[in-house]
Amino acid sequence: MSRFDRDTVKTLNRIAAQKILEKMRDLRMSSTENFKRRWIWELLQNAHDKAAIDFPDEQVTVSIKLTQTSLEFKHNYSYFTDKNVEGIIRQISSEDKDWGQVDESKTPKTIGRFGTGFLTTHLLSEKVKISGLFKHEENAFHQFTFSLDRSGRELPQLIDSISKSFQEANTKLNNSPKLRSPNSSVCNTTFQYELDNGSISVAKIGLDDLENALPYTLIFINRIKSIQIERDQNIIIYEKKESLDLTDEIKLVEFNKIKNDKIEKLYFACISKNNTSISIQIIQNENQVSLHTFNNKLPKLFLGFPLIGTEKFNFPTVINNSFFEPTEPRDGIFITDKQEASINNNKQIIEEAIDLYLILLKYATSNNWQNLYILANTSLPEEKE
């Protein structure tokens, strides 16, 4: 699997281990809940981005299962290549990202990919087993499995762990028969995390956050078809239905939330301009429409996925734009008075959101929507570093 000679491999493994060691120390020392909420979005983002590159015409199905001893995250329309395996073991970004294209008239295909953000998933467990399809350059496929172990506290331990992961992946590939025609529509890619009493709570925090913000993510990202969550003896499925036009500008997006075969309808009003979208949940009772109150843990800014930490950005709706310039930990955006291109870009997006908000406000008042006080929540956000 390695594309390099032995000495180069040793050097790369050492460099990777040093970076991983530093990041893992930061994670272990951190007590912030944002990290505990972020891991699930990293896994979901990876599933989205892999399909965007290799299966651009398909929508992803995700299955998540939580037990007392493990968390299993599975998805379809994915396979690994040499670069993907190297990226996830050494914790470096793959080279097939699409984010950052100059043409802002188009939405970027990818949002991020096996970068250092994936390390946040080790808050669940420092040991994870990964399995899936591997695609050779000659288009032959194999089913394989390999393990990651980030439990080492010293550099030699992590170097050894990286080496063992490559060895295991190579061994499994060499002993795996070729698959003539793998079915990519089934959930072939699996991340399985060992859990203990401490990490069970982290898993529950992440899944709670997923359910809180998931409908908005599915509104803003069309590539994910449905997500199934199995936990606490319940099976919950979120699936986006077709959108209806309320006006030429405002759409009504409907969801099915299926819990143990019982269907609950969720509705959201959404309006877009260029790459900026705003959305808010509504309640439909016969001929009456009411605005739904916000959960205080719902992020208000989305870059496809939620920017965790923006819950107190007191805008009356959720705002999404694929070209937001977030902070490095993806917990906010800069909108200070400095004349920087990234800051000006963020301000322009907020101004577009205000225009959309006024259109939505006019429609809501004209059609006698209830709980209009929710659209009056326009106080300034708390100042952050």
Side-chain angles (χ1 to χ4, degrees), residues 39-67 70-81 84 88 94 96 98 107 109-114 118 121 124 128-135 141 143-145 179 181-193 203 206-243 253-266 268 302 304-306:
W39 65 264
I40 184 61
W41 300 107
E42 293 294 339
L43 289 173
L44 201 59
Q45 178 180 285
N46 291 344
H48 168 276
D49 287 355
K50 187 59 179 170
I53 293 296
D54 298 320
F55 299 92
D57 297 324
E58 303 293 348
Q59 287 185 297
V60 177
T61 298
V62 175
S63 174
I64 305 166
K65 183 177 181 179
L66 174 64
T67 70
S70 69
L71 182 131
E72 186 178 72
F73 182 97
K74 301 173 66 174
H75 65 92
N76 58 359
Y77 293 114
S78 176
Y79 58 76
F80 293 91
T81 64
N84 298 147
I88 201 168
S94 300
D96 50 0
D98 179 65
T107 302
K109 290 182 180 179
T110 62
I111 297 172
R113 190 66 180 299
F114 290 148
F118 181 75
T121 71
L124 282 175
V128 54
K129 181 180 290 185
I130 302 167
S131 61
L133 298 174
F134 182 87
K135 182 181 179 182
F141 286 88
Q143 186 78 39
F144 82 128
T145 301
L179 302 175
S181 54
N183 183 1
S184 296
S185 66
V186 300
C187 293
N188 288 312
T189 300
T190 303
F191 296 81
Q192 188 172 31
Y193 294 82
L207 293 184
D208 287 345
D209 201 64
L210 176 66
E211 291 197 58
N212 183 35
L214 181 57
Y216 289 98
T217 290
L218 297 182
I219 289 172
F220 303 138
I221 294 178
N222 291 321
R223 193 163 304 283
I224 300 175
K225 180 179 181 180
S226 66
I227 294 181
Q228 175 178 298
I229 305 168
E230 184 175 349
R231 59 184 296 202
D232 302 325
Q233 299 181 332
N234 293 310
I235 296 177
I236 303 174
I237 300 173
Y238 289 86
E239 58 182 17
K240 181 180 174 183
K241 308 301 288 184
E242 293 184 357
S243 301
V253 184
E254 178 184 335
F255 284 86
N256 282 343
K257 179 183 177 182
I258 308 169
K259 184 174 182 179
N260 300 331
D261 297 327
K262 294 183 179 180
I263 299 177
E264 177 187 357
K265 295 290 186 180
L266 305 178
F268 296 80
F302 279 59
F305 296 96

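Summarising the geometry, atom CG belonging to N46 is positioned 10.0 Å from atom CG belonging to N84; distances are rounded to the nearest 0.5 Å. Taking CD1 of I224 as the reference point, atom NE2 of H48 lies at 6.0 Å (rounded to 0.5 Å). Atom CG in L214 sits 10.0 Å away from atom OG in S226 (nearest 0.5 Å). From F305, atom CZ reaches atom CD of E42 across 9.5 Å, with rounding to the nearest 0.5 Å. Atom OH of residue Y238 and atom CG of residue L210 lie 7.5 Å apart, to the nearest 0.5 angstrom. Atoms CG and NZ, on L179 and K135 in that order, are 13.5 Å from each other to the nearest 0.5 Å.
L133 approaches P182 most closely through the heavy-atom pair CD1-CB, 3.8 Å. Considering every non-hydrogen atom in both S243 and V253, the closest pair reads OG-CG2, 3.7 Å. Contact detail for K74 and C187: the closest heavy-atom pair is CE-O, 3.7 Å. Taking all atoms of both residues into account, the shortest heavy-atom contact from S184 to N188 is CA-ND2, 3.9 Å. Of all non-hydrogen atoms in P215 and L266, the two that sit nearest each other are CG-CD1, 4.4 Å. Between L71 and A203, the closest heavy-atom pair is CD1-CB, 4.1 Å.
Scored by the side chain to side chain contact (heavy atoms under 4.5 Å, CB included) test, N234 finds D232, K259, N260 as partners (sequence neighbours excluded). Judged as a side chain to side chain contact (heavy atoms under 4.5 Å, CB included), and not counting sequence neighbours, the contacts of Q59 are K225. The side chain to side chain donor-acceptor pair (under 3.5 Å) test applied to Q143 returns no partner, not counting sequence neighbours. Residues passing the salt bridge (charged side-chain N to carboxylate O under 4.0 Å, His left out) test with R223, sequence neighbours excluded: none. Applying the side chain to side chain donor-acceptor pair (under 3.5 Å) rule to W39 yields no partners; only residues at least two apart in sequence or on another chain are considered. With sequence neighbours left out, Q228 forms a side chain to side chain donor-acceptor pair (under 3.5 Å) with no residue at all. Applying the ring-ring contact (aromatic ring centres under 6.0 Å, His included) rule to F268 yields the partners Y216, F255; only residues at least two apart in sequence or on another chain are considered. Taking the ring-ring contact (aromatic ring centres under 6.0 Å, His included) definition, one finds that F55 meets it with Y77, Y79, sequence neighbours left out. Take K265 and apply the salt bridge (charged side-chain N to carboxylate O under 4.0 Å, His left out) test, not counting sequence neighbours, and it matches E254. A search for salt bridge (charged side-chain N to carboxylate O under 4.0 Å, His left out) contacts involving E230 returns nothing, not counting sequence neighbours. Among residues two or more places apart in sequence or in another chain, the side chain to side chain contact (heavy atoms under 4.5 Å, CB included) test is passed with D57 by none. Residues passing the side chain to side chain contact (heavy atoms under 4.5 Å, CB included) test with S131 are T145, T190, sequence neighbours excluded.
Side-chain contact between S78 and D54 is absent, with no heavy-atom pair separated by less than 4.5 Å. At least one side-chain heavy atom of N222 sits less than 4.5 Å from a side-chain heavy atom of K240. Under the 4.5 Å side-chain criterion, counting only non-hydrogen atoms from C-beta, T121 is not in contact with V128.
With hydrogens and angles disregarded, no donor-acceptor distance shorter than 3.5 Å links the side chain of N212 to the backbone of D209.
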Would you please test D208 and R231 for side chain to side chain contact (heavy atoms under 4.5 Å, CB included) and show each step? CA-CA 11 Å; D208 287 345; R231 59 184 296 202; 3.0 Å; yes

Would you sort out whether K257 and E211 count as a side chain to side chain contact (heavy atoms under 4.5 Å, CB included), showing the intermediate values? CA-CA 10 Å; K257 179 183 177 182; E211 291 197 58; 4.2 Å; yes

Go through the steps for V60 and E58 under the test side chain to side chain contact (heavy atoms under 4.5 Å, CB included), then give the verdict. CA-CA 7 Å; V60 177; E58 303 293 348; over 6 Å; no

Should V186 and N76 be marked as a side chain to side chain contact (heavy atoms under 4.5 Å, CB included) after you check the CA-CA gap, both sets of side-chain angles, and the distance that decides it? CA-CA 5 Å; V186 300; N76 58 359; 5.7 Å; no

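Here the rule is side chain to side chain contact (heavy atoms under 4.5 Å, CB included) with I227, and of L44, T61, I237 only L44 fits it.
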